[in-house]
Protein chains: 2
Amino acid sequence: MSTDLLTDETCGLRERKKRETRRALNLAALDLVEEKGFSAVTTEEIAARAGVSARTFFNYFPSKEAAVIGTTGEELESYAAQLEEVRDGESPIGALRRILAGMLAPASIDRELRTRRRRILLGEPSLAPALVGNNIRIENALTAALERRLGVAPGSALEPRITVAVAIAAVRACIEHQQNGGSGDLESNIDAAFARIAVGLG
Amino acid sequence: MSTDLLTDETCGLRERKKRETRRALNLAALDLVEEKGFSAVTTEEIAARAGVSARTFFNYFPSKEAAVIGTTGEELESYAAQLEEVRDGESPIGALRRILAGMLAPASIDRELRTRRRRILLGEPSLAPALVGNNIRIENALTAALERRLGVAPGSALEPRITVAVAIAAVRACIEHQQNGGSGDLESNIDAAFARIAVGLG
DNA sequence: GCCGATTGTGCAGTCACTGCAAAATTGCAG
DNA sequence: CTGCAATTTTGCAGTGACTGCACAATCGGC
C-alpha cells in the first residue's frame with residue numbers, strides 16, 4: 001500500500017484535481033504565512049491565492065492551522081507502514097528514530113517544500129499548540145502500527161503507546177531546544193536524545 | 001513565594017474578588033461542559049452562570065478552552081517550586097513522577113474540584129488538542145525549574161528539556177491509554193511507565 | 001469624601017467555521 | 001455526442017469566538 005505518495009496515480013481527472021487543489025491551498029498558506037505571519041493571514045486570502053472559493057477551503061481543511069501544517073492521511077499511512085516493516089537488528093525505538101528524523105529531513109522528492117515547511121513551522125510560535133495537536137494524530141497512527149508489528153491487540157498493552165509517545169516527545173524537545181537558540185544542530189541532538197532514552201533516564 | 005495557592009492572602013478586596021470571579025468562571029465552565037458537552041457551551045453562557053458580562057470572560061481567560069482547563073500561573077509556579085526543592089535520594093525523574101502524578105491525584109484541599117476536573121477533561125476528546133497545548137506551558141515551567149535545580153544556564157543544555165518532555169509524554173500516554181479503555185489503573189500504569197523509562201527503552 | 005488606579009461592561013467589528021441548496025464539473029453508459 | 005448520476009464547487013446566511021475602545025463602576029489610600 002502507498003507506493004510513492006506523489007506519483008501515486010489513481011488518476012482520474014477528479015482525483016488529480018483534488019490533489020492539485022489541496023496542494024495549491026497548502027502552498028498558498030505557506031506563502032502567505034511567510035509573508036505576513038500566521039495570525040495576519042485569513043482563510044479567504046489563502047483560498048483566493050489558490051484560486052478557489054472561500055467555502056471550498058473548508059472542504060479540504062478543517063481549520064486554518066491544518067492548511068499550514070498540511071499533514072495528509074497518506075503521509076500518516078506511509079509512516080505507519082515504515083514502522084511496520086521490520087528491518088533486521090533494528091529495535092522499535094531505533095525505527096522510530098529513523099522515521100521521525102526522516103519527517104524533518106528534506107526528502108529526496110519535494111525538497112524545497114519540505115525545507116520551507118520546516119522553516120515556517122519552526123519560526124511561528126503561535127502554531128505550537130496546533131503542531132502538538134497534530135502530533136496526536138501521528139502518535140495514534142504510529143502506536144497502531146507498532147501494535148501490529150508487535151502482534152498485540154490494539155489498546156491492550158501500555159508499552160507501545162509509551163514507546164511512541166516518548167520518541168515523539170524527544171524529537172519535539174530537540175526542536176524546542178533549537179527554537180530557544182540552544183546548542184548543537186538538530187540532527188546530532190536527536191541522536192543524543194535517543195541515545196539517552198535508550199540507556200535510561202533514571 | 002506561594003504558600004498554599006488557596007489560602008494565600010494578599011488580601012485586599014480587589015485580589016479576593018478577582019480570585020472568586022476566576023474560580024466562578026472555571027466552575028461554571030466545568031458545570032456546563034458536564035451538562036452539554038464542550039462544543040455545545042458558549043462563552044456567553046459561562047459568563048452568565050458566573051454572573052459577569054460576556055466581555056469580562058475574556059479578561060480572565062484567553063479562550064473557551066482555557067476556562068475549562070483552568071491552569072493558573074500560580075499552579076505552574078507551585079509545580080516549579082516543588083521540582084526545585086531537592087529531596088535527598090530523589091532523582092530529577094523521580095521528582096517529576098511525583099509532581100505529575102500529584103497533578104492528577106485529588107489533592108487534600110479542593111478534592112471535589114480536582115476530581116471533577118479530571119473526569120471532565122478525560123471525558124472530552126475534543127479538548128485533547130487544547131490539553132497538549134497547555135502541556136507546553138507546564139513543560140516550559142518545569143524545564144526552567146530543573147535547569148535551576150541543576151545549576152545550568154536556561155536553554156543551554158539539552159538534557160533538562162528532554163527529561164521533562166519525556167516525563168510529561170509518559171503521563172500523557174498513560175492517560176490516553178486509559179481513555180482508550182486500556183488495561184490497568186492510572187496510578188500503577190504511571191509507575192510502570194516511569195520504571196520503564198528509568199531503565200531504558202533500547 | 002476625594003482622587004488615581006484598576007476592573008467591569010456595552011458596542012461594534014473581524015474572522016473562523018458550518019449547513020444548506022443551487023450550480024458547475026466529471027465519469028460513464030447508451 | 002449526449003444525457004444522466006455522482007461528485008465537487010460555490011454562494012449565502014448564520015453562529016460564535018475573540019478584540020479594541022470608550023465609558024461606567026469599584027477599590028485603595030489619603
Residue pair B/I93, B/V166: steps toward the side chain to side chain contact (heavy atoms under 4.5 Å, CB included) verdict: CA-CA 9 Å; B/I93 194 79; B/V166 166; 5.5 Å; no
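Looking at heavy-atom distances under 4.0 Å, B/F61 makes no contact with the nucleic acid at all.
One side chain, B/R137 or B/N134, offers a donor N or O that lies under 3.5 Å from an acceptor on the other. Using a 3.5 Å distance cut-off with no hydrogens or angles, the side chains of B/S188 and B/D185 do pair a donor with an acceptor.
No salt bridge links B/E187 with B/R97; every basic N to acidic carboxylate O contact stays at or beyond 4.0 Å. The pair B/E139-A/R172 meets the salt-bridge criterion, since a charged nitrogen lies less than 4.0 angstrom from a carboxylate oxygen. Salt bridge annotation for B/K64-B/E45: absent, with no cationic side-chain nitrogen under 4.0 angstrom from a carboxylate oxygen. Ionic pairing of B/E147 and B/R161 is not present here: no N-O contact between side-chain nitrogen and carboxylate oxygen is shorter than 4.0 angstrom. For the pair A/E74 and A/R19, the salt-bridge criterion is met [side-chain N within less than 4.0 Å of a carboxylate O].
Remark: P of C/dA16 and CD of A/E65 are 9 Å apart, rounded to the nearest angstrom. Straight-line distance from the OH atom of A/Y60 to the C1' atom of D/dT9: 9 Å, rounded to whole Å. We find that NZ of B/K17 is positioned 7 Å from C1' of D/dT26, with the value rounded to whole Å. We find that CG of B/L25 is positioned 10 Å from P of C/dG8, with the value rounded to whole Å. Rounded to an integer number of Å, the gap from B/N59 CG to C/dT9 P is 9 Å. Separating the CZ atom of B/F57 from the C1' atom of D/dA17 is a distance of 9 Å, rounded to the nearest angstrom. C/dT6 atom P lies 10 Å from atom NZ of B/K18, rounded to whole Å.
Mapped onto DNA chain D by nearest heavy atom, A/V52 and B/K64 fall at different nucleotides, with A/V52 at the one closer to the 5' end.
Atom CD of B/Q179 has more than 12 neighbouring heavy atoms from other residues, nucleotides or ligands inside a 6.0 Å radius.
For the contact set between residues 126-133 of chain A and DNA chain C, defined by any heavy atom under 4.0 Å, there are no members. A heavy atom closer than 4.0 Å to some atom of DNA chain D occurs in no member of residues 37-47 of chain A.
Looking at B/R22 and B/T72, their side chains come closer than 4.5 Å, going by heavy atoms from C-beta outward.
Taking every heavy atom of both residues into account, A/G70 and A/F61 meet most closely at CA-CE2, 4.4 Å.
Within the 3.5 Å criterion, the main-chain N or O of A/V52 finds no donor-acceptor partner in the side chain of A/T56.
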Distances for protein N or O near nucleotides 28-30 of chain D N or O, under 3.5 Å:
residue, atom, partner, partner atom, Å
D/dG28, OP1, B/L13, N, 2.4
D/dG28, OP1, B/R14, N, 3.1

Please produce a list of atom pairs where a protein N or O lies less than 3.5 Å from an N or O of nucleotides 11-14 of chain D.
residue, atom, partner, partner atom, Å
D/dG11, O6, A/R55, NE, 3.4

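When the salt bridge (Lys or Arg N to Asp or Glu O under 4.0 Å) test is applied to A/E124, no partner is found at least two apart in sequence or on another chain. Listed by chain and number, the residues in a side chain to side chain donor-acceptor pair (under 3.5 Å) with A/R149 amount to none (sequence neighbours excluded).
The listed nucleotides are D/dA17, C/dG8, D/dT10; the one nearest the side chain of B/F58 is D/dA17.
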